[in-house]
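Keep in mind that the numbers below use all heavy atoms, side chains included, and drop hydrogens, waters and symmetry copies.
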Amino acid sequence: PPTLTAVVGASGSGKSSVVFAGLLPHASEGRRVAVVTTGREPATRLRVRLEQRGAVDLVVVDQAEAVFQLTESEQEELCALVASVLEAGSAVVFTLRSDFLDHATGLPHIGTRIGRGVYAIGPLSLDGLREAIEWPATRAGLRLEPGLVEVIVRDADDRRGTLPHVSHALVETWIRREGATLTVAGYEASGGIVGAIAQSAESLYRSFDPEDAQACRSLMLRLVHRGADGASVRRTAQLEPLIADPARRRVLDRLVATRLLATDGDEVTVAHEAVATAWPRLDGWLEEDAEGARLVSAVATAAELWNGSGRREEDLLRGARLQAALDWRDETRPDLTAVERELLDASAEREQDEVRELGERAAREKRNNQRLRWAVGGAGALLVAAVVGGSLAVVRGGVAQVAAENASV
């Protein structure tokens with residue numbers, strides 16, 4: 001029967017690795033598989049993949065926690081499509097951070113199914129961690145210096161979320177290898193598990209001139225979102241608007257080369273949430289400019305929607321959202337893409353037109369009210385005159401009648 005399985009675990013526990021390196025090589029044999037990462041327009045991209053492959057046997061939705069960054073209508077569309085895939089008889093696998101599991105069970109159409117099929121990824125055992133270090137090296141024809149595995153296992157300590165750090169440290173150790181041997185000295189020079197990501201990121205950042213350093217900061221803040229609970233979540237961004245600026249493209253290419261960012265077709269994302277916590281500078285940016293990071297993410301999302309829908313007027317920013325974005329733009333001069341600038345300009349222009357129209361309408365109503373008051377005043381004066389005139393006529397009539405009665409006597 002069609003099933004929806006959620007592979008859940010802490011950030012860095014290896015959920016995606018289990019699915020892509022473990023499940024798919026076996027499950028894809030003789031089966032049609034469609035894979036989508038939750039990012040920009042996931043329902044549209046999944047629909048395209050389904051159309052390209054026809055009927056599929058298995059659909060994989062990676063990084064499903066990012067669905068909660070979508071609008072309600074986008075969530076509804078994606079979940080309805082996944083439900084239709086299940087009803088057609090296909091299996092679906094989600095990779096999902098465990099801290100989002102409760103939220104996921106409330107998703108429309110598929111929430112109750114997520115709760116029925118959960119496969120939890122726990123921390124690696126010591127033997128599992130050793131195998132994760134030794135087996136890929138052996139397969140690649142590399143040797144490990146005696147003592148290196150023990151040092152890495154010692155540094156791994158809490159193994160629930162260290163796999164991205166281990167992976168990065170091993171790549172940096174490989175770069176510093178001696179012939180075909182990965183050495184303890186090379187591992188320590190890389191910064192080890194604790195510092196390999198931070199060292200790579202910080203070394204790259206310090207090599208930038210001031211312009212590129214600012215571009216790096218703005219890029220990272222638009223690609224990492226810090227939630228109210230303090231957890232960092234990756235945000236997928238459209239690649240084309242970002243690389244339209246030469247400085248931004250230059251920095252993005254170097255971030256990708258250093259394995260801090262990853263591109264997939266026309267999208268770019270942070271390689272892993274671990275980057276946010278492992279790199280103190282980025283962690284500090286997120287702390288000191290949480291509001292700016294939130295606003296750049298909101299403006300970027302709105303710009304993608306507005307541009308993708310043919311720049312409809314109803315998709316422009318309005319009211320308090322617009323004012324907050326304009327104040328932020330004017331005060332901080334953020335590094336915006338051309339589409340984002342055009343969105344804010346078009347929204348501000350439309351807002352000014354509406355204010356001007358309201359002002360003109362108020363002026364018209366004021367003139368009409370003044371004319372009405374004049375008319376009412378004139379009518380009141382005529383009424384008073386009529387009443388006075390009538391009263392005089394009555395008085396005069398009474399006087400004439402008294403005079404006539406006196407004359408007859």
Hey, what do you get for SG (Cys216) to CZ (Arg281), rounding to the nearest 0.5 Å?
9.0 Å
Once you round to the nearest 0.5 Å, how far does CZ of Arg248 lie from OG1 of Thr337?
6.5 Å
How far does CG of Leu182 sit from OG of Ser190, to the nearest 0.5 angstrom?
10.5 Å
So do the side chains of Leu144 and Thr138 get within less than 4.5 Å of each other, counting heavy atoms only?
no
To the nearest 0.5 angstrom, please state how far the CG atom of Leu316 sits from the CH2 atom of Trp306.
6.5 Å
Atom CG of Leu4 and atom CZ of Arg113: how far apart are they, to the nearest 0.5 Å?
7.5 Å
Leu317 backbone acceptor or donor facing Arg350 side chain under 3.5 Å
yes
Criterion salt bridge (Lys or Arg N to Asp or Glu O under 4.0 Å) against Asp212, the qualifying member of Arg206, Arg250, Arg254:
Arg250
Can you find a heavy atom in the side chain of Leu124 that is under 4.5 Å from one in the side chain of Leu163?
yes
If I take atom CG from residue Asp315 and atom CD from residue Glu304, how far apart are they, to the nearest 0.5 angstrom?
12.5 Å
Sole residue of Val7, Leu101, Thr5, Leu96 in side-chain contact (heavy atoms from CB on, under 4.5 Å) with Val118:
Leu101
Tell me whether the rings of Phe68 and Phe100 are parallel (<30°), tilted (30 to 60°) or perpendicular (>60°).
parallel
